[in-house]
Amino acid sequence: MTRTIPRIALGGFMLESNGHAPPAPKAEFEATYWLEGEKLLADLRAPAPRASACLSGFLAGMDQGEAWTPLPLLATGAGASGPVEQAVFDEVVARITSGLRAALPVDGVFLALHGAATATAEPDPDGVLLAAVRAVVGPDVPVIATLDLHANVSRKMVEEASVLISYRTNPHVDMIERGMDAAFAMRAMLGGMQPKAAFVKLPMITPAVAMNTDQGPYADIIAYGQSLIDHTILDVSVVANFSLGDTPKNGLSVIVTAKGDRARAEAVAHDVAAKLWSMRERFRITLTPLETAVAMAKQAGADPSRQALLFADVADNPGGGGRGNTSYILRAFHSAGVEGALFGIHNDPPLAAEAHECGIGARFTARFNRAEPHPMSEPFEAEAVVEALSDGEFVGRRGIYAGRRVSLGKTALLRLGGIRVIVVTHRRQFAEPAMAEHLGVDLRAVRSLVVKSRGHFRAGFDDIFPRDAIVEVDVPGLTSVVLERVPYRNIPRPIWPLDPDTTWAPADA
Ligand SMILES: [Zn+2]
């Protein structure tokens with residue numbers, strides 16, 4: 001008997017859309033990665049790829065088995081932004097489906113998705129993309145996708161895919177492993193497994209800073225889900241949702257995939273969802289007021305014997321669609337005369353370009369946010385010295401960027417009195433030490449590190465800043481975790497905690 005070599009198509013589309021951020025143009029995807037055909041495969045086979053680590057994990061998982069033929073389609077991603085411009089999303093679907101048609105026959109499709117995208121017209125792009133792929137390959141070909149832990153899952157996504165597997169770690173340091181899980185699911189389906197998925201969505205959103213997985217309620221529910229995996233269950237995904245997406249599909253979700261027994265999948269999904277619902281009061285949070293943060297930074301700067309502190313500007317997280325340039329903390333630390341602080345990273349293309357024109361050692365008046373229209377990105381001016389310049393190209397070494405090639409574009413390190421600020425051209429989240437180290441900064445000498453990041457910084461800086469050195473600061477921003485302040489328009493109501501009397505029972509699912 002001759003065995004045919006399985007032909008597996010690969011693609012990806014990764015965007016987390018903040019419902020209140022400006023639309024994401026194609027340039028944002030191209031500045032992160034937009035890779036098609038052999039260029040995608042070459043990137044994934046390179047030592048430090050740009051494309052999603054889920055694709056690397058899937059390749060590695062498939063490579064552990066017998067021979068297979070990868071058929072690379074389009075993979076693109078833009079981190080987090082606003083809704084993707086509709087024409088850009090339409091192009092993504094057209095390129096993936098036309099590539100897939102040209103590759104037929106295929107034995108399976110793997111997609112690295114985020115799951116919390118919206119487009120300027122379409123509210124469920126991830127569902128639309130999965131349906132378009134399904135329409136090309138028909139009902140019997142495995143279509144398997146990985147999802148970010150912050151996916152806003154729709155029933156359409158679950159129905160059009162064969163298997164959906166979400167991350168289990170936050171910060172997301174398990175993307176390679178989940179890609180490998182997808183490969184093992186693909187191999188099992190090629191061997192005849194017919195997975196059955198159950199899906200439960202709860203009327204519940206949570207502050208993003210309450211959803212870390214090293215400890216706390218979310219860690220507990222993920223561990224509980226994993227404890228239910230046995231010979232009948234392939235995957236349990238407890239999906240945090242992206243509360244700032246502001247879509248009709250918001251809400252925490254549980255997706256359970258059984259290896260064939262749908263009733264078993266339903267029973268486990270309801271069990272996990274009921275436990276999660278019963279834990280909801282544990283997801284409330286407390287942030288530190290700005291005045292308190294200023295006093296703490298003054299003390300840290302004045303007394304080198306104290307523990308250095310990390311201040312998280314969780315409300316301006318580019319990883320959640322923030323502009324990465326609000327100046328609330330910078331202005332307050334600067335006017336208070338804080339010493340030994342490093343701000344990373346401030347997204348300001350004109351300021352980065354001007355610093356490059358001025359050159360290292362130059363003194364000039366740094367005008368922050370001169371070209372930024374968003375009202376929360378207020379202008380700020382200060383006398384500055386250019387301390388270092390770079391092209392912003394580096395390979396990450398810790399956490400979510402480990403081993404990945406990343407570009408910040410033109411980058412400058414500016415000194416404003418006792419404060420230094422890293423100014424960049426591409427909007428990114430400060431979650432990686434190399435973002436500062438490639439400019440010659442010694443992070444261990446920094447007394448106050450201010451990061452524009454919600455939580456992924458924890459995996460980048462946990463060797464220097466332990467949990468008790470982290471201060472989550474309460475300032476305004478597009479990624480505020482104070483849900484009561486978010487101008488919601490589209491989320492389903494009632495929803496907990498905005499509607500505290502919201503009820504739910506497993507029979508409602
Ligand atoms: Zn995420």
Side-chain angles (χ1 to χ4, degrees), residues 12-19 21 24 28 32-33 51-55 57 76-84 111-118 125-126 145-153 157 164-179 181-182 205-214 216 218-219 221-222 237-247 249-255 283 312 314-322 324 396 399-402 404 406 427-432 451-460 472 478-481 483:
F13 169 66
M14 298 195 63
L15 172 68
E16 182 180 79
S17 296
N18 183 310
E28 282 198 32
T32 310
Y33 62 92
S52 163
C54 294
L55 282 158
T76 188
S81 189
V84 56
L111 296 175
L113 301 179
H114 184 289
T118 58
D126 295 282
T146 44
L147 297 177
D148 191 278
L149 176 145
H150 297 105
N152 289 330
V153 186
M157 289 163 64
L164 295 175
I165 296 170
S166 90
Y167 312 160
R168 298 202 290 267
T169 60
N170 189 21
H172 307 329
V173 293
D174 66 334
M175 291 185 266
I176 299 251
E177 290 165 79
R178 299 293 79 78
D181 287 353
I205 54 178
T206 44
V209 295
M211 308 304 280
N212 294 319
T213 55
D214 61 333
Y218 192 44
I221 193 66
I222 286 183
S237 289
V238 185
V239 191
N241 107 112
F242 180 50
S243 54
L244 300 166
D246 195 2
T247 76
K249 55 180 187 152
N250 266 108
L252 273 74
S253 305
V254 180
I255 310 170
F283 289 94
V314 297
D316 187 29
N317 169 26
I400 63 165
Y401 291 118
R404 314 311 285 184
V406 182
R427 207 172 43 82
R428 302 273 180 265
Q429 172 172 193
F430 193 60
E432 164 57 53
V451 303
K452 287 192 179 291
S453 172
R454 182 272 315 153
H456 288 318
F457 66 84
R458 289 170 186 268
E472 293 168 332
L478 269 172
T479 61
S480 174
V481 294
L483 300 179

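Each ligand, and each atom within it, is numbered from 1 in the order the structure gives.
Atom OD1 is the N/O/S atom of D148 found closest to the Zn ion (ligand 1). Nearest N/O/S atom of H150 with respect to the Zn ion (ligand 1) is recorded as ND1.
The Zn ion (ligand 1) lies under 2.8 Å from an N, O or S atom belonging to H172.
None of N152, L147, I255 except one satisfies the side-chain contact (heavy atoms from CB on, under 4.5 Å) rule with M157; the exception is L147.
With respect to E28 and R427, a salt bridge is recorded, a charged nitrogen being found less than 4.0 Å from a carboxylate O.
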Using the rule given for side-chain contact (heavy atoms from CB on, under 4.5 Å), can you reason through R454 versus N170, listing the C-alpha separation, both sets of side-chain angles and the distance that settles it, and then say yes or no? CA-CA 10 Å; R454 182 272 315 153; N170 189 21; 3.1 Å; yes
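Once rounded to the nearest 0.5 Å, the distance linking SG of C54 with CG of D174 reads 8.0 Å.
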